[in-house]
Amino acid sequence: MTAVRIGAVAKATGCTPRALRHYEEHGLIASARAANGYREYDDAVVTRVRNIRHLLDAGLTLDDVRVFLPCLDGDVASAPPSPAGLRVGRERLAVLEARIAAQVAVRDRLAAALQAAAPPAAPAPSPASLQ
C-alpha cells in the first residue's frame, strides 16, 4: 500500500481537506505524519471516506457512523445491513421525522397567524385589463 497526501484523498473522494481532518478528529480515519509534518494516508482510506460520505449523505451523523467502523473498509452500499446498522438508521429516521413534524407545526402556526393578521390579498390584474 502506498501513502497518499490529504490533497490526493480529497480529490479522489470529493471531500475537502478540512472534512478529512474532521473525520480524523472523530476517529473515523487515521493518518501518519511524514518527516515534513504532512499527513499521509494509506491509499485504502479512499474507500473508507467514500463509505463515510455515503452514510452521511443517507442522513446519519458522524457519531452514527461509528457503529459502522468494522465495515467501513468494504462496500457499505451493497453489503447487507447489520442489526446495529438498522437500529442506528431507524433511530436517525425517528429524529428526522420529529424535526420535520416540529417544523411543519411552526409553519402552520405562522401561516395561521399571517392569515388572521392580514387582509386577503387583492387579486392580480389580468393582462387584458392592463391594455
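As the structure is a computational prediction, the values presented were derived from the model and not from experiment. Side chains are part of it too, since the values below use all heavy atoms of this structure and drop only hydrogens, waters and symmetry mates.
Using a 4.5 Å heavy-atom threshold, the side chains of Leu20 and Val9 count as touching. Two residues are said to be in side-chain contact when any heavy atoms from C-beta on lie closer than 4.5 Å; Ile52 and Ile29 meet this criterion. Residues Glu40 and Arg33 fail the side-chain proximity criterion, which asks for heavy atoms closer than 4.5 Å. A 4.5 Å side-chain heavy-atom check between Arg92 and Val95 finds at least one atom pair inside the cut-off.
Taken to the nearest 0.5 Å, the CG atom of Leu28 stands 7.5 Å off from the CZ atom of Arg48. Between the OG atom of Ser31 and the CZ atom of Arg5 there is a distance of 12.5 Å, given to the nearest 0.5 Å. Atom CZ in Arg21 sits 7.5 Å away from atom OG1 in Thr16 (nearest 0.5 Å). Atoms CG and CG, on Leu93 and Leu86 in that order, are 12.0 Å from each other to the nearest 0.5 Å. In this structure, Leu55 CG and Leu60 CG are separated by 5.5 Å, a value rounded to the nearest 0.5 Å. The CZ atom of Arg109 sits 13.0 Å away from atom CG of Leu114, with the distance rounded to the nearest 0.5 Å.
In the hydrophobic clustering of this structure, Ile6 groups with Leu62; members are Ile, Leu, Val, Met, Phe, Trp, Tyr whose side-chain heavy atoms approach within less than 4.5 Å, directly or through other members.
With respect to Leu69, the side chain to side chain contact (heavy atoms under 4.5 Å, CB included) criterion is satisfied by exactly one of Val65, Val67, Leu72: Leu72.
Taking the salt bridge (Lys or Arg N to Asp or Glu O under 4.0 Å) definition, one finds that Asp75 meets it with nothing, sequence neighbours left out. Residues meeting the salt bridge (Lys or Arg N to Asp or Glu O under 4.0 Å) test with Arg66, sequence neighbours left out: Asp63.
Nearest heavy atom pair, residue Phe68 against residue Asp64, reads CD1-O, 3.6 Å. Asp73 and Thr47 make their closest contact through O-CG2, 3.7 Å (heavy atoms, listed as atom of the first residue, atom of the second, distance). Of all non-hydrogen atoms in Arg53 and Tyr23, the two that sit nearest each other are NH1-OH, 2.8 Å. Counting all heavy atoms, side chain and backbone alike, Ala77 lies closest to Asn51 at N-OD1, 4.4 Å.
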